[in-house]
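Structure first, then comments.
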Amino acid sequence: FAANEMAPHMAEWDQKEMFPVEAMRKAAQLGFGGIYVNPDVGGSGLSRLDTSIIFEALSTGCVSTTAYISIHNMCAWMIDTFGNNEQREKFCPDLCAMQKFASYCLTEPGSGSDAASLLTSAKLQGDHYILNGSKAFISGGGDTDVYVVMCRTGGKGPKGISCLVVEKGTPGLSFGKKEKKVGWNSQPTRAVIFEDCAVPVTNLLGAEGEGFIIAMKGLNGGRINIASCSLGAAHASVLLARDHMCVRKQFGETLSNSQFLQFKLAEMATKLVASRLLVRQAAVALQEGRPDAVSLCSMAKLFVTDECFSICNQALQIYGGYGYLKDYAVQQYVRDIRVHQILEGNDFFIVGYSAGPGNSPP
């Protein structure tokens, strides 16, 4: 699917900043709209390990589009996991079919990594919450239909945060300008703004005060997902660099005859495989609910996004000046993957982590 439906359009989606709705709906027909959502509401019911493999493969075709699909899946999972039956049945089938698209709203202009300090407020009035505030850097913002919003219903700190599902078209919901980005151009990014936005109490996920827990549990999987997208970019870049070395000639012979570049390619491939193993281990740990799962998800996100960016950047270097031209896909992988080192957070949780039998935790 990545080779046939995504890769041929990757450059066009990037340059024209197109949100490829129809391509994503084709992906949903293969079960990629709710990969780890339960089947009774339209999901595929697959594991976190399955999900990692799927996102790596799809990212070889287009990192930006796959990264949005990963965020959409995280939102669908949050509703499936923390919503009641009515909420699950209302939202999940359309999300899994990608007839509707979802956005995750946590980051604010003044709170990024310090998510517990968010200021967007929700005041209970009768059978509605009145939402005021704004969210920043929201993937899909303005083009999506469902917004999973973290907001403050109580006092300061994480225990005062709740989670509301806000539907597009709700009075008081508006959007900022479409951001101009270095990469991730196939998904729109806007501020999401709430001005006396009345959201029904029935759209509260979980109980009041559980929003921060919901947000963090979503991000555990999100970190694996975004690391998996990085794997796909690195995988594609290694193959591109290899193929370029076989045809590009310098000093009378192809680059593939250079021992220095052979060593570079071997190092890139080794880093890719090592990164892949760490992501897969974290995915299994999260699926099994192991006590070291949170630490491993954070480790995988931190390590793999750095290493995979390094791989893509080295692939561009092997291309030389050609790598800097938009005619060649390698530059797009570099641009799209760079943001992976920034988003989804690098919060590092060591509690419960063990280095293995007979080893002390770090």
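Computed over heavy atoms, backbone and side chain alike; hydrogens, waters and symmetry mates excluded. Since the model is a prediction, treat every value here as computed from it, not as a measurement.
Here Ser59 pairs with nothing under the side-chain hydrogen bond (donor to acceptor under 3.5 Å, both in side chains) rule; sequence neighbours left out.
Applying the salt bridge (charged side-chain N to carboxylate O under 4.0 Å, His left out) test to every pair with at least one member in residues 124-149, sequence neighbours left out, gives these pairs: Glu108-Lys135, Asp143-Arg190.
For Phe137, the CZ atom counts as loosely surrounded, since its 6.0 Å shell holds 12 or fewer non-hydrogen atoms of other residues, nucleotides or ligands. Few gaps surround CD on Glu253; more than 12 heavy atoms of other groups in view lie less than 6.0 Å from it. Surrounding NZ of Lys178 are more than 12 heavy atoms belonging to other residues, nucleotides or ligands, all under 6.0 Å away. Dense packing is recorded around NZ of Lys168, with more than 12 heavy atoms of other residues, nucleotides or ligands lying under 6.0 Å away.
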Report task. Given side chain to side chain donor-acceptor pair (under 3.5 Å), test Asn225 with Tyr36 step by step and report yes or no. Result -> CA-CA 12 Å; Asn225 293 346; Tyr36 46 104; 3.2 Å; yes
Report task. Begin from the C-alpha positions of His340 and Trp184 and carry the test side chain to side chain donor-acceptor pair (under 3.5 Å) through to its verdict. Result -> CA-CA 10 Å; His340 295 188; Trp184 268 29; 3.2 Å; yes
Return a table of donor-acceptor pairs under 3.5 angstrom between the side chains of residues 266-276 and protein atoms on other chains or two or more places apart.
from: Thr270; atom 1: OG1; to: Ala266; atom 2: O; distance (Å): 2.8
from: Ser275; atom 1: OG; to: Lys271; atom 2: O; distance (Å): 2.8
from: Arg276; atom 1: NE; to: Glu56; atom 2: OE1; distance (Å): 3.2
from: Arg276; atom 1: NE; to: Glu56; atom 2: OE2; distance (Å): 3.2
from: Arg276; atom 1: NH2; to: Glu56; atom 2: OE2; distance (Å): 2.7
from: Arg276; atom 1: NH2; to: His235; atom 2: ND1; distance (Å): 3.4

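For Tyr324 and Tyr319, the gap between ring centers reaches or exceeds 6.0 Å. In this structure, Phe175 has its ring center under 6.0 Å from that of Tyr147.
Arg152 places a side-chain N or O within 3.5 Å of a backbone atom of Ala116 that can act as its donor or acceptor partner.
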